[in-house]
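Take a look at the structure below.
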Amino acid sequence: MLDLKQVRQDTQDIARRLARRGFSFDVEAFTELDAARKAADVESQALLAERKQASKKIGELVQSGVAVDEAKRSVNETLDKIASEIDAATEKARAAGAAIEALLLAVPNLPADDVPEGSDESDNVELARWGSAREIANPRDHVDIGEALGGLDFEMASKLTGARFTVMQGGLARLHRALIQFMLDMHTNTHGYTEVYVPYIVNGDSLRGTGQLPKFGEDLFKLHHDPDYYLIPTAEVPVTNLARDRIFEAEEMGEGLHFVAHTPCFRSEAGSHGRDTRGMIRQHQFEKVELVSLVPPGQSEARLELLTSHAEAVLQALELPYRKVLLCGGDMGASARKTYDLEVWLPAQDTYREISSCSDFGDYQARRMQARWRDPDTGKPALLHTLNGSGLAVGRTLVALLENGQQADGSVTLPAALAPYLGGTVTLEP
RNA sequence: GGAGAAGUGGCCGAGUGGUCGAAGGCGCUCCCCUGCUAAGGGAGUAUACGUUAAUAGCGUAUCGAGGGUUCGAAUCCCUCCUUCUCCGCCA
């Protein structure tokens with residue numbers, strides 16, 4: 001969330017900047033709530049101070065030998081007067097504080113200055129293209145290719161569970177697993193990330209930390225458990241929350257903490273919009289290799305470029321044509337202040353589709369989860385900056401490899417980089 | 001799942017109803033001393049909110065979380081969470 005102090009100070013400016021991402025910030029409502037909170041705060045604090053003084057006085061008298069009843073009598077007047085007011089005043093202050101908190105939690109992050117204005121994906125800006133699509137006459141989509149290979153079965157999955165799930169077997173299941181290993185190895189061996197294994201089920205605090213709650217609960221699979229448990233929608237949640245309520249020393253922070261994790265991701269919203277009903281583009285369950293960076297403030301902009309390049313390196317190694325897109329304000333996730341999407345070329349769809357999303361969150365998530373480090377210059381705890389990006393979405397990578405590697409004879413040719421992970425072969429035969 | 005023990009500041013660790021935001025130690029910062037190294041002396045060292053020009057003062061809150069008792073709670077009571085030990089179960 002945003003810094004309450006900053007919002008209070010630069011209210012108009014904040015509202016103007018939020019408007020660039022299509023969020024209308026109710027300045028009047030905020031100002032009113034904040035004033036009410038302040039008034040309630042001052043009132044309850046004054047009453048508490050009064051009671052504290054009176055109690056202290058009783059304590060002093062008792063210590064000096066005065067009987068307790070006697071001591072109480074001497075300050076009774078004050079206490080009687082305020083006893084009834086304190087409950088009401090503190091409750092009022094608590095409610096007013098909660099109201100501000102709720103309002104603030106619903107406000108998205110301020111977009112970075114270079115984020116283009118716009119309301120939806122049509123206002124996104126294409127920055128670069130890499131690779132060139134191979135000419136494929138009458139390209140088949142991954143569903144046809146996968147079923148022809150005998151490795152992709154959506155009907156079986158719907159029998160086991162329902163719509164929006166996949167069963168893979170044989171060479172495809174192996175390719176799927178190989179992709180995960182390949183990505184993890186690249187990020188740990190050449191990009192310097194630390195691999196972590198994390199829970200796939202998280203609590204509400206973690207989801208509030210990264211911003212999925214309170215606003216986007218309908219996108220989550222919630223378990224029957226008390227207290228509330230949720231299946232993770234992305235590894236971003238457990239991995240970023242590794243820093244929740246922590247203060248890192250400058251030495252352990254170094255140039256930043258960089259984690260990579262492979263996890264399944266569970267999304268309930270997928271499918272409710274009727275988009276991508278065919279194939280494994282949009283599933284309730286999919287695998288992702290996720291990059292998460294926690295860096296000292298001021299370093300997140302540079303880190304975003306680096307992190308994005310790490311995701312690009314996977315696409316390049318897999319020889320998949322893609323483009324890099326800068327999201328406009330209206331298309332970004334609420335917590336992000338700047339996001340690059342990497343979109344891979346899908347011949348059958350004759351278009352680029354998102355395969356990675358890399359975002360800089362500034363201190364927005366860190367403030368929610370109180371992820372801090374001890375700033376060596378001041379000696380004081382200061383909020384970290386957080387980033388994450390997919391490196392890559394595994395299911396969609398598989399789709400892209402099938403569609404881009406398809407041959408006229410029904411086989412699929414895979415990039416050489418995968419050979420070590422596939423027992424030396426780079427061809428999938430029907 | 002059962003039985004016990006414990007959760008205090010960056011860390012360790014005192015504190016069972018009163019002036020305790022909290023002794024002491026470690027770590028850290030500044031100063032002094034010391035011709036190296038090591039050691040020594042002194043001062044300071046939580047966070048949030050409010051007030052303020054102020055990162056100065058002052059006020060309020062915070063001792064796992066939430067309730068309760070009390071004029072007053074780190075301290076007493078209740079519920080929950082977590083950790084540890086033992087038992088059960090289990091990949």
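Chain letters run A, B, ... following the sequence lines, proteins first, then strands; residues in each count from 1. A quick note: this is a predicted structure, and the numbers were derived from the prediction, not measured.
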Would you tabulate the nitrogen or oxygen pairs shorter than 3.5 Å linking the protein to nucleotides 53-55 of chain B?
none

Hey, what are the protein-to-nucleotides 63-69 of chain B N/O distances that come in under 3.5 Å?
none

What protein N or O atoms touch nucleotides 7-16 of chain B N or O atoms at under 3.5 angstrom, if any, and at what distances?
residue	atom	partner	partner atom	Å
rG10(B)	O4'	Arg374(A)	NH2	3.3

So which protein N/O to nucleotides 56-60 of chain B N/O distances come out below 3.5 Å?
residue	atom	partner	partner atom	Å
rG59(B)	N2	Gln45(A)	OE1	2.8
rG59(B)	N2	Gln45(A)	NE2	3.1
rG59(B)	N3	Gln45(A)	OE1	3.4

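One can place CG of Asp34(A) at 12 Å from P of rC49(B), the figure rounded to the nearest angstrom. Across the protein-nucleic acid pair, Arg372(A) atom CZ and rU47(B) atom C1' stand 7 Å apart, rounded to whole Å. Here the C1' atom of nucleotide rG17(B) and the NZ atom of Lys72(A) are 13 Å apart, to the nearest Å. The distance from atom NZ of Lys56(A) to atom C1' of rA73(B) is 15 Å, rounded to the nearest whole Å. Rounded to an integer number of Å, the gap from CD1 of Ile86(A) to P of rU70(B) is 14 Å. Computed from coordinates, the Asp245(A) CG to rU47(B) P distance equals 15 Å when rounded to whole Å.
With respect to the salt-bridge test (charged N to carboxylate O, under 4.0 angstrom), the residues Arg353(A) and Asp276(A) qualify. Using a 4.0 Å cut-off between a side-chain N of Lys or Arg and a carboxylate O of Asp or Glu, Lys92(A) and Glu43(A) qualify as a salt bridge. Using a cutoff of 4.0 Å between basic side-chain nitrogens and carboxylate oxygens, Asp13(A) and Arg16(A) are scored as salt-bridged. Asp69(A) and Lys72(A) are not joined by a salt bridge, as no carboxylate oxygen comes within less than 4.0 angstrom of a charged side-chain nitrogen.
RNA chain B is contacted by both Gln370(A) and Glu60(A); Glu60(A) maps to the nucleotide lying nearer its 5′ end (nearest heavy atom per residue). The residue among Ile58(A) and Pro227(A) whose nearest nucleotide of RNA chain B is located toward the 5' end is Ile58(A).
Between the side chains of His176(A) and Glu287(A), no donor N or O sits under 3.5 Å from an acceptor N or O. For the residue pair Ser268(A)/Asp219(A), the side-chain donor-acceptor check at 3.5 Å is not satisfied. Judged by distance alone, the side chains of Asn203(A) and Tyr230(A) never bring a donor and an acceptor atom under 3.5 Å apart. A donor-acceptor contact closer than 3.5 angstrom links the side chains of Thr234(A) and Lys288(A). Between the side chains of Glu290(A) and Thr263(A), no donor N or O sits under 3.5 Å from an acceptor N or O.
If you check every strand for non-hydrogen atoms under 4.0 Å, Arg37(A) touches sugar and phosphate atoms only. Contact annotation for Lys57(A): no contact, since no heavy-atom pair falls under 4.0 Å across all strands.
Annotation: rC78(B) and rG88(B) have their P atoms spaced 30 Å apart (nearest Å). Comparing the C1' positions of rA23(B) and rG9(B) gives a spacing of 13 Å, expressed to the nearest Å. Separation of the P atoms belonging to rG4(B) and rC11(B) is 30 Å when rounded to the nearest angstrom. Nucleotides rG21(B) and rC63(B) place their C1' atoms 9 Å apart, quoted to the nearest Å. Nucleotides rG7(B) and rC12(B) place their C1' atoms 14 Å apart, quoted to the nearest Å. rA53(B) and rU70(B) have their P atoms separated by 42 Å, given to the nearest Å. Nucleotides rG13(B) and rA6(B), compared at atom P, are 14 Å apart to the nearest Å. When the C1' atom is used for both rA5(B) and rG67(B), the distance is 24 Å, rounded to whole Å.
Closest to the side chain of Lys38(A), out of rU51(B), rG18(B), rC49(B), is rU51(B).
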Secondary structure of RNA chain B in dot-bracket form (Watson-Crick or G-U wobble, distances below 3.5 Å, | marking inter-strand pairs): ((((((((.[[[..)..(.....]]]((((((.......))))))((((((.....)))))).[[[[[..)....]]]]])))))))....
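Checked against a 6.0 Å centroid threshold, the rings of Phe25(A) and Phe30(A) count as neighbours. For an aromatic pair to be called close, the ring centres must be under 6.0 Å apart, and Tyr197(A) with His262(A) fails this.
If you run side-chain contact (heavy atoms from CB on, under 4.5 Å) between Leu414(A) and each of Leu179(A), Asn404(A), Thr425(A), Leu401(A), only Leu401(A) comes through. The one candidate from His385(A), Met253(A), Arg246(A) that meets the side-chain contact (heavy atoms from CB on, under 4.5 Å) condition with Leu294(A) is Met253(A). Screening Asp360(A), Asp363(A), Asp113(A) against Arg337(A) for a side chain to side chain donor-acceptor pair (under 3.5 Å) leaves a single residue, Asp360(A).
In terms of the ring pair (Phe, Tyr, Trp, His ring centres under 6.0 Å) criterion, residue partners of His225(A) (sequence neighbours excluded) are, by chain and number, Tyr229(A).
Side-chain contact between Arg396(A) and Ile281(A): present, with at least one pair of heavy atoms (C-beta onward) separated by less than 4.5 Å.
Residue Arg51(A) has no polar side-chain atom (N or O) positioned under 4.0 Å from OP1 or OP2 of rG18(B).
Other residues, nucleotides and ligands contribute over 12 non-hydrogen atoms within 6.0 Å of the CD atom of Glu91(A).
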Working for side-chain hydrogen bond (donor to acceptor under 3.5 Å, both in side chains), residues Ser357(A) and Asp341(A): CA-CA 4 Å; Ser357(A) 191; Asp341(A) 271 8; 2.8 Å; yes
